[in-house]
Amino acid sequence: MSEMTRRMRVRTAGVPLLATGAIVLLATGRLAAQEPTVRAYLEPAEVEVGDSFRLVVEIAGAGEVEALVHRWRFFPCRYASPPRPDRTLPFATEIRAPPAGEASGSVVFSCSSVAWRAGSFVLGPFGVTADGRRLESEAVTLVATLPDPGAVSVRARLDRTEVRVGDEFKLVVDVTPAHIAPWPDLPPDTWGFAATGSREGVDGSMSFGFVATAPGTHEVGPVVFKVGDDVIRTEPVTLVVVGDPPAIEARAFLNTGQTWVGSDVVLVVEAEAMELDADPVLPDMSAFAEPPRARGGGRGSSGGDRYTVHRDYRIRVVSAGEYEIGPVQVTAGGRTALTEPLKLVVGEAPPPAPVESPKDLRATATAEQRRVYVGEPVIVTYRVLARDNRSGFEGWEVEEDDTLVLPAHDDFQHRRIRSRGRWRERVSLEGRLYRVASEHHVMFSPVEAGETAIRPAELMLQVNQRRESDYGWETNRAERQGTWTPVTLTTDPIPIEVVPLPAEGRPASFRGHVGRLAVVSRVDRTHMQTGDTLTVRVEISSVGEDVVPPDPEIRFPTGFEVIEPEVVPDAPAVGEGFALTHFYSYRLVARQEGGFRIPAVEVSWFDPEKESYGTAGSEPFDITVAGGPREGGG
């Protein structure tokens, strides 16, 4: 054994088979180092199903190797004989001495396994920490083929060929040879007579569980598999279902019987069934509420062979009074049931804010800058922050669909712009961690100079009082939703210093735009006859995707009838450095003969960074209009 090998000690940990970031830890001595490299390869890279292959990760030129990390999407192999019962992938480790004339050796990790299904599989990439540096290999591809695709066969069978409505049955598919273990591209279609249940699979066999829902004689299958380039289908099997569909039981629940104007209530519709034939038909609630919003649903077991399916709705109430909701119509298995009506009392005013501490829920408004020129946009971000203690917002939940109410401003123009942040991120405020529950962006443009402020805004939202521990599982699903209560939060004002635009150097074409502009104009012809139409196209681009460029001012020559332009706003800009372009298409009908000039389009702006004005202009165009053809031609 070489001196280098004796100095190096390696300790490996088992790596989970399907880990997304498994790590092999190494304790090593120092080697003579050069520039470290890592590569991964397969021996061989193409195998037949049932053959073994070897995965190798080699680190060369490293003085010390600290860790090996693999991230593969799927590892399509069994373990080398004998199989490992703890389902870990054993890596063998080898330290290779340097070749003659080289100063550094290599560390090799390898794993021998058996391909058990056909296909092309990506392994890696493999990350390595060596000499304190992070390295990554290329991914490798294993191609596993079938010795004889035509030898693969599948057969479907039922564990019971006759069942009653409501009974469970299984479709079992046997695969030969067993080690191929394909999975169906298309599961069996049983819509209309059976509801899908469980799936199970072992080598050479898989089963699909169903619950019979409609009487009659039905075909189950085929089940479709893809093996290599071949498509294999099972023969359909016959199932006889006897008995009448049971009468369905349907129920409706509200999460609360009393609420307030502006709040949300939760309506849950539940039926004893595997699935519904259609969505429940809700009663008209327009007298006191906005249209219901579907908020999901699901299916679960209610004990034994009984199943329930539910649909959840959120309803925002807008009028005070006592109201009746229902009945709700539910259809399943070809049968229809009506729920009992529900009572709801709606008060005028909400109770005191349910948040236990004002610091648990905050509304913030932040401006990108506090000192701007007249007309220079200020982007303000409004956020609702919910207290985050890793186990939820102290038992509360905040509705994302909040409403931002902006105050009137005489000294600002404003418009809402698209969200530019990341919702649900976590932020620290005054030493506490919060989750961003919602976010809005507004662009304010000051219209006059002086000391001013962006006034407080209101954020109206719903807060949920759900505390799962307060309800036993015997409580209905709607009550477990808790109570949604309206809350209004107010932001702080934002002081803004607005600086006047300088008079020196201001171009005659300046019309108040702050931020760089570019302009291009085009015509579709320069020679025409009276009665013909000339198209003039003007493109004005601005910096900043939320900054709208000004409309062009063009003095078209007399002798043309000008039709109102077609405008395409907010298009992505083409020029480098610009974000937004407005396109203007003017149609000019020639009414006189002669020579005319379409003037250049000039736009000016003020650049707040350079604190100077700029101007851009397009080219003018000379147009010649000849007399039109005489009456009757010739």
Side-chain angles (χ1 to χ4, degrees), residues 17-18 42 44-55 72-85 87 89 112-123 141-163 167-214 216-241:
L17 175 65
L18 295 179
L42 294 166
E46 296 186 11
V47 295
E48 291 185 348
V49 172
D51 289 348
S52 63
F53 65 94
R54 185 167 174 254
L55 168 66
W72 45 52
R73 292 184 300 175
F74 181 69
F75 196 75
C77 59
R78 289 181 178 164
Y79 314 108
S81 182
R84 291 281 297 271
R87 297 192 64 79
L89 182 65
S112 295
S113 299
V114 176
W116 64 279
R117 58 178 297 187
S120 178
F121 306 97
V122 177
L123 285 68
T141 302
L142 173 71
V143 178
T145 58
L146 293 171
D148 181 8
V152 179
S153 65
V154 292
R155 184 179 70 90
R157 55 187 171 86
L158 292 170
D159 67 335
R160 302 165 63 187
T161 57
E162 182 173 322
V163 296
D167 287 352
E168 295 184 1
F169 65 94
K170 289 184 177 181
L171 175 69
V172 182
V173 180
D174 299 314
V175 182
T176 304
H179 63 256
I180 292 175
W183 195 255
D185 289 348
L186 295 175
D189 182 9
T190 59
W191 175 255
F193 67 90
T196 304
S198 61
R199 284 188 181 189
E200 298 176 353
V202 295
D203 291 351
S205 180
M206 61 198 69
S207 65
F208 305 86
F210 302 93
V211 175
T213 58
T217 300
H218 310 283
E219 280 194 349
V220 184
V223 185
V224 180
F225 298 87
K226 186 173 182 181
V227 181
D229 294 329
D230 292 357
V231 176
I232 303 176
R233 293 177 172 83
T234 66
E235 292 293 329
V237 291
T238 301
L239 174 72
V240 177
V241 182

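What you see is a predicted model, and the numbers here were worked out from it, not measured in a lab. Just so you know, these numbers use all the heavy atoms, side chains as well, and skip hydrogens, waters and symmetry mates.
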**Student:** Report yes if some heavy atom in the side chain of Phe208 is under 4.5 Å from a heavy atom in the side chain of Val173; otherwise report no.
**Tutor:** yes
**Student:** Please walk me through it: do Thr217 and Thr238 pass side chain to side chain contact (heavy atoms under 4.5 Å, CB included)?
**Tutor:** CA-CA 7 Å; Thr217 300; Thr238 301; 3.6 Å; yes
**Student:** Could you walk me through whether Val223 and Leu171 satisfy the side chain to side chain contact (heavy atoms under 4.5 Å, CB included) test, starting with their C-alpha distance in whole Å, then the side-chain angles of each, then the deciding distance to 0.1 Å, before giving a yes or no?
**Tutor:** CA-CA 10 Å; Val223 185; Leu171 175 69; 3.8 Å; yes
**Student:** Can you list everything that forms a salt bridge (charged side-chain N to carboxylate O under 4.0 Å, His left out) with Arg233? Sequence neighbours excluded, please.
**Tutor:**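 In terms of salt bridge (charged side-chain N to carboxylate O under 4.0 Å, His left out), with neighbours along the sequence ignored, Arg233 is linked to no residue.
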**Student:** Which heavy-atom pair separates Val241 from His218 by the least distance, and what is that distance?
**Tutor:**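 Shortest heavy-atom contact: CG2-CD2, 3.8 Å.
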**Student:** Mark yes or no for whether Thr213, through its side chain, and Phe193, through its backbone, hold a donor-acceptor pair below 3.5 Å.
**Tutor:** yes
**Student:** If every non-hydrogen atom of Ser52 is compared with every non-hydrogen atom of Pro44, which pair is closest and at what distance?
**Tutor:** O-CD, 4.2 Å
**Student:** Using every non-hydrogen atom in the two residues, find where Thr161 and Leu158 come nearest and quote the distance to one decimal.
**Tutor:** CA-CD1, 4.4 Å
**Student:** If you take all heavy atoms of Glu168 and Arg160, which pair is closest and at what distance?
**Tutor:**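 Minimum heavy-atom separation between Glu168 and Arg160: O-NH1, 2.9 Å.
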**Student:** Tell me the closest heavy-atom pair linking Glu162 and Leu239, and the distance in Å.
**Tutor:** N-CD1, 4.5 Å
**Student:** Please name the pair of heavy atoms, one in Lys170 and one in Gly209, separated by the smallest distance, quoted to 0.1 Å.
**Tutor:**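 The answer is CG-CA, 4.3 Å.
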